[in-house]
Amino acid sequence: MKKPWAGRFRNRTAASTEAFTESISFDKRLWRHDIQGSIAHARMLGKQKIIPSADAQAIVRGLTGIAAEIEAGRFRFKAEYEDIHMNIEAALTDRIGTAGKKLHTARSRNDQVALDLRLFLKEETSTIISLIKELQKLFIRLAEDHSGVLMPGYTHLQRAQPVLLSHHLMAYNEMLQRDRERFSDCLKRIDVMPLGSCALAGTSFPIDREYVAKQLGFSAISGNSIDAVSDRDFAAEFLSVSAVLMMHLSRLAEELILWSTEEFRFIEISDRFTTGSSIMPQKKNPDVAELLRGKTGRTYGNLLTLLTLLKGLPLAYNRDMQEDKLPVFDTVDTVKSCVGILCEMLPEVTFNRSRMGTTAGEGFSTATDLAEYLAKKGMPFREAHEVTGKVVRYCIDRKTVISAVDLKTLQSFSNLISADIFKVVDPADSVKMRRSFGGTSPAEVSRQIRRYKKLLT
Ligand code: ARG
C-alpha cells in the first residue's frame with residue numbers, strides 16, 4: 001500500500017511500525033465528524049476557487065457515499081492507512097479518482113484531528129448536559145415525593161442534627177447544577193474551530209475559515225495556528241469536569257450502599273438494580289452503586305493520563321497527542337453510562353420513611369436545639385453548649401434521652417429551662433426552626449424545590 005509520504009522514502013514502513021503507530025482501531029469512532037469536517041472544507045475550497053467547484057461537488061458526493069457505507073457497516077477500515085483521516089481520504093480517491101486527491105489542499109491532519117475531536121466533544125458534552133438535567137429533575141421529584149420525611153443528618157458519619165430527607169436529596173441537585181454549569185462553561189472552549197491552521201503555520205491558499213466554522217456550527221475560530229494544533233486544553237478540561245461529576249456520583253453511590261445495609265435500613269434498591277450471591281442465598285448486593293463508585297477511579301485516571309501526556313510537550317503537534325482520544329472516549333462512555341443507569345435506578349429506590357424518621361430523633365440529635373434555646377434566653381452560646389453537654393452526659397449515664405427527663409431535673413442544669421423545652425427537643429420542631437436561607441426547614445426546602453423546578457423547565 002502506497003503511503004501519502006512515499007515520495008521522500010526509499011524503504012517501506014515496517015509491519016511492526018504500522019501496528020505500533022496505527023490509531024484506526026480507536027479513532028474510527030470519529031468517522032462521522034471527520035467526514036462532516038471534510039465536506040465543509042471541500043465546500044470552502046470550491047467556493048474560494050482553490051479547487052474547481054466540480055471537484056468540490058464530486059468530493060462531497062464521494063464523502064456522502066462513504067458515510068453511508070460506514071453507517072451500513074460495509075466499510076473496511078485498514079490499519080495500513082493508519083488513522084481515520086487517511087482511511088477516508090484513500091477510500092475517497094478510490095471512489096472519485098483525482099478530485100479526491102485535492103481534498104487535503106490547505107489542510108493537515110494536525111488541524112483535521114483537532115477539529116474532529118472538538119466536533120466529537122461538542123456533541124457529547126451537550127448530551128451529558130442533558131443527562132445531568134434529567135438526573136436533577138429526578139432528585140427534585142424525589143424531594144417532592146418525600147416532603148416531610150425526617151432523617152438524621154450526619155457529620156463524621158455520626159448523627160448530628162435532624163434534617164429533611166428532601167433537603168439531603170436537594171444537596172445532590174446543587175452539586176449537579178454546578179456540574180452542568182461546568183460542562184456548559186467547558187463547551188465554550190471546545191466550541192472553537194481550528195481548521196485552517198494546517199500543519200502549524202497556516203496556509204498560503206486564500207481560505208475562508210469563517211465559512212467553515214459557520215457550516216460546522218462553531219461560534220469561534222482559533223486565533224493562533226501554532227496553538228490551535230497544540231491545544232488539548234479543552235479535552236483536559238472536559239476530563240476534569242467529568243472527574244468532578246463522577247466524584248459527586250461516587251458520594252451518592254456510597255450513600256446508597258451504606259443506606260441499604262442492615263445497619264442503616266434507610267433504603268431498599270429494587271431487585272432490578274441489585275444482584276445476588278452465587279453462594280449466600282440471602283444476599284442482595286448493591287453492585288450497580290458499587291460500580292458507579294468504582295468507575296469514578298478510571299475517570300480520574302483518564303484526566304491524569306491526558307495531563308501527563310501533554311506535560312512538557314514542545315509546540316506544536318507531536319505524535320504523542322494521538323493517545324489523547326483513548327482517555328476522552330473512555331470518560332465519555334463512563335459518564336454517560338453512569339448518569340444513565342442512575343436515572344433508571346433512583347426512581348426504584350424505596351425510602352424507609354419510618355426508620356429514617358425514628359432515627360432522626362435518636363442520638364441526642366437535638367442537643368444543638370437545646371443549646372440554641374438557652375442562648376436565645378440570654379446565656380452566652382459557649383456556656384449553653386457546656387450546660388447542654390452536661391445534660392447529654394447525664395442522659396448517657398442513665399441510659400435515657402433528654403425528652404424523658406423531668407422538667408425539675410432539667411432545671412437543675414439551668415433555671416432558664418421551662419416547659420417549652422420539650423417542643424425544642426422534638427426533631428420535627430427542630431427541623432421547622434431552621435428557617436435560615438438554605439436551611440432544612442420545610443419552608444426553605446420547598447423554596448429550593450420551587451426555584452429549581454422553574455430553572456429546569
Ligand atoms: N492519527 C493522528 C492523531 O490522532 C492524526 C494526526 C497525525 N499527524 C501527523 N503529523 N502524524 O493525532
Side-chain angles (χ1 to χ4, degrees), residues 1-9 12-38 40-41 63 66 70 75-93 101 103-124 190 192-203 222 225-236 238-239 302 305-332:
M1 200 143 300
K2 200 167 146 217
K3 302 285 183 203
W5 53 80
R8 188 229 177 272
F9 284 67
R12 287 172 54 89
T13 317
S16 52
T17 299
E18 281 184 344
F20 190 72
T21 58
E22 69 83 26
S23 57
I24 189 64
S25 52
F26 52 91
D27 67 13
K28 60 170 173 251
R29 183 161 176 181
L30 296 173
W31 69 266
R32 212 186 291 273
H33 312 90
D34 197 71
I35 289 177
Q36 193 191 355
S38 287
H41 181 66
L63 288 171
I66 293 170
I70 300 176
F75 189 88
R76 266 196 52 222
F77 294 101
K78 297 186 188 124
E80 306 93 276
Y81 288 133
E82 233 179 76
D83 55 25
I84 186 61
H85 325 294
M86 296 209 291
N87 264 272
I88 289 173
E89 198 187 319
L92 180 69
T93 305
K101 295 185 184 170
L103 170 62
H104 214 51
T105 314
R107 188 174 73 171
S108 154
R109 278 188 293 156
N110 299 351
D111 56 347
Q112 188 179 358
V113 73
L115 174 72
D116 291 4
L117 194 60
R118 284 175 181 275
L119 281 170
F120 171 80
L121 274 180
K122 246 184 93 164
E123 206 173 278
E124 297 294 353
I190 297 173
V192 177
M193 209 288 297
L195 212 65
S197 304
C198 301
L200 79 164
T203 179
S222 56
S225 61
I226 298 178
D227 174 53
V229 292
S230 315
D231 174 23
R232 293 293 183 274
D233 299 6
F234 65 94
F238 171 85
L239 293 180
N302 290 335
T305 298
L306 185 62
L307 288 176
T308 310
L309 181 83
L310 295 171
K311 178 182 178 295
L313 274 191
L315 306 185
Y317 179 84
N318 300 274
R319 191 60 179 271
D320 316 43
M321 290 159 79
Q322 175 166 293
E323 296 271 314
D324 60 359
K325 288 160 218 60
L326 293 158
V328 168
F329 291 163
D330 187 68
T331 285
V332 163

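Both counts, for ligands and for their atoms, begin at 1 and track the order of listing.
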shortest atom 8 (N) of ligand 1-to-protein heavy-atom contact is with Asn110 OD1, 3.0 Å
What residue among Asp227, Asp320, Asp324 forms salt bridge (charged side-chain N to carboxylate O under 4.0 Å, His left out) with Arg232?
-> Asp324
Around atom 6 (C) of ligand 1, find the nearest protein heavy atom and jot down its residue, atom name and distance.
-> Tyr317 OH, 3.4 Å
Per-atom contacts of ligand 1 with Ser23, taking only distances under 4.0 Å to non-hydrogen atoms = 1 (N)
Is there at least one pair of N or O atoms, one from Gln322 and one from ligand 1, spaced under 3.5 Å apart?
-> yes
Any atoms of ligand 1 less than 4.0 Å from a non-hydrogen atom of Val113? List them with their elements.
-> 3 (C), 4 (O)
Between Glu82 and ligand 1, which part of the residue brings a heavy atom under 4.0 Å of the ligand: side chain, backbone, both or neither?
-> neither
Flag yes if more than 12 heavy atoms outside Phe20 fall under 6.0 Å of its CZ atom; otherwise flag no.
-> no
Who pairs with Glu80 by side-chain hydrogen bond (donor to acceptor under 3.5 Å, both in side chains), at least two apart in sequence or on another chain?
-> none
Salt bridge flag under 4.0 Å for residues Arg109 and Glu89 | no
To the nearest 0.5 Å, atom NE2 of His85 lies from atom CG of Asp116 at 5.5 Å
Which heavy atom of the protein is the closest neighbour of atom 5 (C) of ligand 1, given with residue, atom name and distance?
-> Asp83 OD2, 3.4 Å
Got a sec, which residues hit side-chain hydrogen bond (donor to acceptor under 3.5 Å, both in side chains) with Arg12, two or more places apart in sequence or on another chain?
-> none
Shortest reach to atom 11 (N) of ligand 1 by a heavy atom, considering only Met321, Lys325, Arg109, His85 = Arg109
Per-residue contact class, Gln112 against ligand 1 - non-hydrogen pairs under 4.0 Å = neither
Sidechain-backbone polar pair: Gln322 side chain, Thr21 backbone, donor-acceptor under 3.5 Å | yes
